[in-house]
Amino acid sequence: MRRQYPFHLIEPRWQQHWEAQETFRAFNPGESPAAEHPFAVRHGDTAPESLEKYYILDMFPYPSGAGLHVGHPEGYTATDITARYLRMQGRHVLHPMGWDAFGLPAEQYAIKTGQHPRKTTEENIANFTRQIKGLGFSYDWSREVNTTDPNYFRWSQWIFLQLYHSWANPASGKAESIDTLEFPADVTTDEARRDFRDDHRLAFVSHAPVNWCPELGTVLANEEVIDGKSEVGGHPVVRRPMRQWMLRITAFAQRLLDDLETIDWSDSLKEMQRNWIGRSEGAEVEFRIQESEDRICVFTTRPDTLWGATYLVLSPEHEWVDGITTDDQRSAVTDYRATAARKSDLERTELAKEKTGVFTGAFAINPANDEPVPIWIADYVLASYGTGAIMAVPAHDARDLEFAQKFELPVRVVVQAPEGESLGFVGDGTSVESGFISGLPTPEAKAKIVEWLEGKGQGKRTINFKLRDWLFSRQRYWGEPFPIVWRDGHHEAVAESDLPVLPPELDDYKPTTEGDPPLARAADWVDLSDGATRETNTMPQWAGSCWYYLRYLDTQNNERHVGEAAEKYWMNVDLYVGGTEHAVLHLLYARFWHKVMFDLGHVSMAEPFQRLVNQGIILGEDGQKMSKSRGNVVNPDGVIDEYGADAFRLYEMFMGPLEMMKPWNTKGVEGVYRFLGRVWRLFIDEGSYKDYEQAVTAAPDQAEALLAGLKLHAAINDTEPTPEQLKVLHACIKKVTDDLDGMRYNTGISALMVFVNEASKWESRPREVLGIFLRLLNPFSPHLAEELADRLGEVSGNTLAYQPWPEWDEAFLVEEFIEFPVQVNGKLRGHIDITPETSREEIEQLALACEKVQQFIFEKEVKKVILVPNKLVNIAVK
RNA sequence: GCGCGAGUGGCGGAAUUGGUAGACGCGCUGGAUUUAGGUUCCAGUCUCGCAAGGGGUGGAGGUUCGAGUCCUCUCUCGCGCACCA
């Protein structure tokens with residue numbers, strides 16, 4: 001196919017120019033550009049740090065072997081356009097890129113082939129770099145980070161130590177040094193004090209059941225388990241107790257929830273985080289066990305239904321089950337617990353349509369009415385939420401009702417529904433048959449019963465979160481080793497001066513045995529000369545991505561994770577763009593780490609990402625999700641070969657709104673490619689381009705040199721633009737500026753198309769007008785814009801990157817004659833010719849006199865004439 | 001089940017605050033140039049109707065001079081969470 005224009009020559013040339021010129025370098029406080037750098041050409045002696053900054057961040061990719069897919073450049077193009085736009089607007093823009101390079105695929109490939117994951121990772125990064133650079137993004141490559149680089153993960157380990165050395169002080173609600181933790185009076189021995197501290201650290205060791213994925217040979221965080229299967233690979237996950245490192249994210253649940261109010265994220269994303277944090281207000285109520293002094297504590301959000309609590313249910317794992325079970329029920333209970341323990345999470349939720357459970361034989365006393373209620377165990381009660389025990393109120397809870405009906409337990413209505421059936425009613429109503437709270441509306445009933453329980457010492461108001469502590473260790477090779485050693489059964493921090501802790505070299509990357517990490521195989525590495533042994537787990541992939549946005553600010557700093565001045569100047573991230581897949585993983589973890597760092601004084605702001613935008617996913621041409629098995633994956637390399645990077649960028653944005661899910665259509669790429677061809681022909685003399693093409697056919701190796709022989713279009717000249725031309729130009733400036741401010745890239749592009757459609761008709765094309773158009777085009781398709789601007793005339797600093805963004809003048813947009821719409825009863829009936837000076841009265845008269853309008857108001861009563869300035873006039877008749 | 005979002009031509013999508021529905025692009029139809037095709041350029045393209053005119057933004061109501069936009073009910077699709085007491 002004939003090329004619309006020689007993008008294959010233009011694009012690499014400008015990419016090399018930007019690289020050589022370091023066009024997109026951002027400058028830290030204290031740094032300044034050389035005098036000939038385009039930043040200095042634009043801003044003169046002004047110190048970069050005195051300019052208003054804008055930090056625009058992409059979610060850095062995992063460099064997989066498959067290379068870039070079309071989803072990556074969607075977000076990257078959007079941020080690049082905004083970065084280039086704001087640079088032209090005079091902002092000091094930081095726009096970096098890096099690699100989230102620890103991860104499972106490289107390790108699995110290593111297990112299969114014996115090749116070191118570092119090698120795979122390096123190759124993949126090289127490929128990603130080539131692809132991303134080929135798209136002409138304006139990244140400051142001097143700030144590239146790689147999470148697997150020891151100079152990077154040294155600081156990931158350092159941050160882990162900050163967590164290790166801290167605790168969450170409930171009094172201040174903040175992370176503080178573990179040294180501020182006061183020991184209770186009864187904690188006196190060194191051993192007890194050590195244990196007490198270890199129980200309070202933000203990074204701590206737990207032996208609780210965890211999500212173990214046998215297929216992957218590692219444990220997973222709750223966030224990484226979906227429907228009982230691993231998020232990566234979809235392998236079954238089972239519960240199993242193991243010694244693991246945990247991070248105390250639960251201590252920050254309330255702040256993670258509250259601070260969502262301070263940031264500019266989409267409602268749906270905030271809602272996803274809120275749901276994940278899962279705050280619910282209620283009360284803990286204590287039920288005395290019959291013929292015993294022990295009390296079972298349950299959590300309920302409906303303490304007002306206490307009179308309707310006709311039985312209790314404990315989770316099968318509840319620690320008291322053994323103690324309370326009666327002899328005649330013991331074998332049934334033991335069997336049930338064994339069955340429940342064998343069930344995977346999947347079976348316990350998905351497959352368990354029908355409620356199951358057994359009676360323990362024991363009874364508890366309902367504190368409201370002193371009646372004995374039976375205690376059951378059932379796996380619909382989760383050990384991990386609340387107290388692992390509930391009071392069942394079958395009349396006002398669907399699950400309890402189902403259970404009660406199956407096992408013929410009593411059901412007692414205690415809330416009157418405002419209307420309709422009260423049995424099974426779960427909303428707010430009025431308490432009935434409930435002693436001293438009868439007659440009270442639900443909220444008041446709740447308050448009163450809790451007050452009463454508190455007075456009796458049998459309950460208290462509480463808040464529960466679904467959020468669990470973060471399981472932070474993995475049984476893998478290709479991750480950050482923990483900066484931890486073990487001595488006499490206790491863990492100790494590695495000295496900061498000994499960081500980074502490098503992983504050992506291995507020949508075999510497989511986990512050793514059931515759950516033993518591959519690092520355990522490296523005896524030389526594990527056993528230290530002083531008798532201590534190294535922790536052999538590694539950190540999860542999230543560790544590196546939790547703080548990379550900070551390292552970009554100061555990648556070369558060997559003294560700190562980030563220099564204070566750089567952090568203060570650049571933070572926080574003004575705009576963060578990425579996919580929704582990280583809504584509750586990366587974005588929650590990073591916020592948590594950031595808050596800890598904030599409390600400890602290592603960063604200056606409480607939230608890292610001020611504004612966050614999710615790009616929608618791109619579907620295949622068949623409207624299905626792209627996948628190898630469907631065979632509908634679009635490879636960007638092929639598209640760029642055929643149409644060029646500028647067309648690719650333009651199409652990714654022209655498809656539709658950034659945040660929307662939308663299908664790929666190669667015909668659409670051709671459309672924007674044709675548009676770029678029209679831009680080319682607006683500037684370049686067609687005859688000379690045809691000559692060039694013929695000459696290139698004869699001498700393909702001379703293509704670069706022959707390109708120099710192209711002539712500008714003969715219609716381009718230095719005449720004064722006509723008012724009509726200025727109107728078209730300024731309408732375009734206005735629309736593109738508005739759309740870029742609102743990140744409406746698709747409509748911005750359509751405005752550029754409208755301009756080109758008009759300008760193509762001009763017999764005289766003023767250089768001034770075309771030059772301004774190229775500045776508008778530059779953020780979208782920078783290679784072509786730079787090339788044509790270069791041919792059109794001198795560009796200061798040899799790049800459009802820092803040319804001032806054009807401003808529009810409303811005066812040029814005023815129409816001399818306006819076709820003003822006239823409606824009758826809200827329906828368009830005709831137009832009248834007016835000018836901006838036409839008075840209201842005149843417009844009304846003209847509208848009523850209009851011939852087309854006449855036939856609709858003839859012999860009717862004109863009730864009202866509504867004139868909306870600059871919009872229309874509407875005549876209401878009857 | 002709960003929460004969030006979205007339904008507009010043959011298709012992707014426009015329509016900042018209620019104010020000319022369908023911008024821009026794809027596709028399609030016709031024409032011109034070149035011609036082997038393609039490229040490029042011009043014209044047309046929501047629908048019914050020869051026209052005048054009528055209808056039209058998932059569906060049904062409502063508010064309004066005027067509703068794709070606001071309100072009520074309802075249907076469909078997508079996403080998230082899911083026995084969270």
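Lettering follows sequence order; numbering is per chain, from 1. Keep in mind that what you see is a predicted model, and the values were worked out from it rather than measured.
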Enquirer: Let's see if you can work this out: which of B/rA85, B/rC24, B/rG80 has an atom nearest to the side-chain heavy atoms of A/M272?
Expert: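 That would be B/rG80.
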
Enquirer: Report yes if a side-chain nitrogen or oxygen of A/R681 is closer than 4.0 Å to either non-bridging phosphate oxygen (OP1 or OP2) of B/rU39; otherwise report no.
Expert: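 Checking B/rU39 against A/R681, no side-chain N or O comes under 4.0 Å of OP1 or OP2.
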
Enquirer: Mind checking who B/rC83 pairs with, Watson-Crick or G-U wobble, both distances under 3.5 Å?
Expert: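 WC or wobble partner does not exist here.
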
Enquirer: Please determine if a side-chain N or O atom of A/Q273 lies less than 4.0 Å away from the OP1 or OP2 oxygen of B/rG80.
Expert: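 No, no such contact exists.
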
Enquirer: Could you tell me whether the phosphate oxygens of B/rG12, OP1 or OP2, come under 4.0 Å of any side-chain nitrogen or oxygen in A/K662?
Expert: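 A/K662 to B/rG12 OP1/OP2: no side-chain N or O under 4.0 Å.
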
Enquirer: Just to be sure I understand the rule, does A/V868 reach a base, reach only the sugar-phosphate, or reach nothing, if contact means heavy atoms closer than 4.0 Å?
Expert: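 Base: the residue A/V868, judged by heavy atoms under 4.0 Å, touches a nucleobase.
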
Enquirer: Remember a base hit wins even if backbone is also touched, and classify A/Q823 as base, sugar-phosphate or nothing at under 4.0 Å, heavy atoms.
Expert: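 Touches a base.
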
Enquirer: By ring pair (Phe, Tyr, Trp, His ring centres under 6.0 Å), which residues pair with A/W762, not counting sequence neighbours?
Expert: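 With neighbours one apart ignored, the set is A/F755.
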
Enquirer: Taking any heavy-atom pair under 4.0 Å as a contact, classify A/Q4: base, sugar-phosphate, or nothing.
Expert: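 If one applies the 4.0 Å heavy-atom cut-off, A/Q4 turns out to touch the sugar-phosphate alone, with no base involved.
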
Enquirer: I want to verify a distance call: between B/rC65, B/rG3, B/rC24, whose nearest atom is closest to the A/F654 side chain?
Expert: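 The nucleotide sitting nearest to the side chain is B/rC24.
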
Enquirer: Applying the Watson-Crick and G-U wobble criteria at under 3.5 Å, what pairs with B/rG68? Answer none if nothing qualifies.
Expert: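 Its partner: none found.
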
Enquirer: Would you classify A/K863 as touching base, sugar-phosphate or nothing, given that sugar-phosphate means primed atoms plus P, OP1 and OP2, and contacts are heavy atoms under 4.0 Å?
Expert: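 Here A/K863 touches no strand at all.
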
Enquirer: Check this one for me: any side-chain N or O of A/N746 less than 4.0 Å away from OP1 or OP2 of B/rA14?
Expert: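 So the side chain of A/N746 is within the cut-off, an N or O lying under 4.0 Å from OP1 or OP2 of B/rA14.
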
Enquirer: Listed by chain and number, what are the ring pair (Phe, Tyr, Trp, His ring centres under 6.0 Å) partners of A/H730, not counting sequence neighbours?
Expert: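 Result, ring pair (Phe, Tyr, Trp, His ring centres under 6.0 Å) vs A/H730: A/F812.
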
Enquirer: Name the nucleic acid region contacted by A/S750, choosing base, sugar-phosphate or nothing; use a 4.0 angstrom heavy-atom cut-off, strictly under.
Expert: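 If one applies the 4.0 Å heavy-atom cut-off, A/S750 turns out to touch a base.
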
Enquirer: Under 4.0 Å between a side-chain N/O of A/K827 and OP1 or OP2 of B/rG55, yes or no?
Expert: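 A/K827 to B/rG55 OP1/OP2: side-chain N or O found under 4.0 Å.
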
Enquirer: According to the Watson-Crick and G-U wobble definitions, with both distances under 3.5 Å, which nucleotide is paired to B/rC4?
Expert: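 Pair assignment: B/rC4 / B/rG78.
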
Enquirer: Within the 4.0 Å heavy-atom criterion, would you say A/D738 contacts the bases, only the backbone, or no part of the nucleic acid?
Expert: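 Answer is base: heavy atoms of A/D738 come under 4.0 Å of a base.
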
Enquirer: Identify the nucleotide, in any strand shown, that forms a Watson-Crick or G-U wobble pair with B/rG38, with both distances under 3.5 Å; if there is none, say none.
Expert: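 Pairing partner: none.
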
Enquirer: Any base atoms under 4.0 Å from A/R678, or only sugar-phosphate, or nothing? Heavy atoms, all strands.
Expert: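 Sugar-phosphate: the residue A/R678, judged by heavy atoms under 4.0 Å, touches backbone atoms but no base.
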
Enquirer: When we call it a touch if two heavy atoms are under 4.0 Å apart, what does A/M661 touch: a base, just sugar-phosphate, or nothing?
Expert: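 Sugar-phosphate contact only.
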
Enquirer: The side chain of A/R674 lies closest to which of these nucleotides: B/rC65, B/rC26, B/rC4?
Expert: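 Selected nucleotide: B/rC26.
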
Enquirer: It should be established whether A/S280 places a side-chain nitrogen or oxygen under 4.0 Å from OP1 or OP2 of nucleotide B/rA85.
Expert: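 Affirmative; the distance criterion is met.
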
Enquirer: Check this one for me: any side-chain N or O of A/Y380 less than 4.0 Å away from OP1 or OP2 of B/rA85?
Expert: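 No, outside the criterion.
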
Enquirer: How should the glycosidic conformation of B/rG9 be described, syn or anti, under the criterion that syn lies within 90° of 0?
Expert: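 Syn, which is what one calls it when the glycosidic angle falls within 90° of 0.
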
Enquirer: To the side chain of A/K667, which of B/rC26, B/rG54, B/rU20 is closest?
Expert: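 Ranking B/rC26, B/rG54, B/rU20 by closest atom to the A/K667 side chain puts B/rC26 first.
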
Enquirer: Mind checking A/K466 for me? I need base, sugar-phosphate or nothing, with any heavy atom below 4.0 Å counting as a touch.
Expert: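 Since a base atom lies under 4.0 Å of A/K466, the category is base.
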
Enquirer: Do any side-chain nitrogens or oxygens of A/R829 fall under 4.0 Å of OP1 or OP2 in B/rG54?
Expert: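 For B/rG54, OP1/OP2 do have a side-chain N/O of A/R829 under 4.0 Å.
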
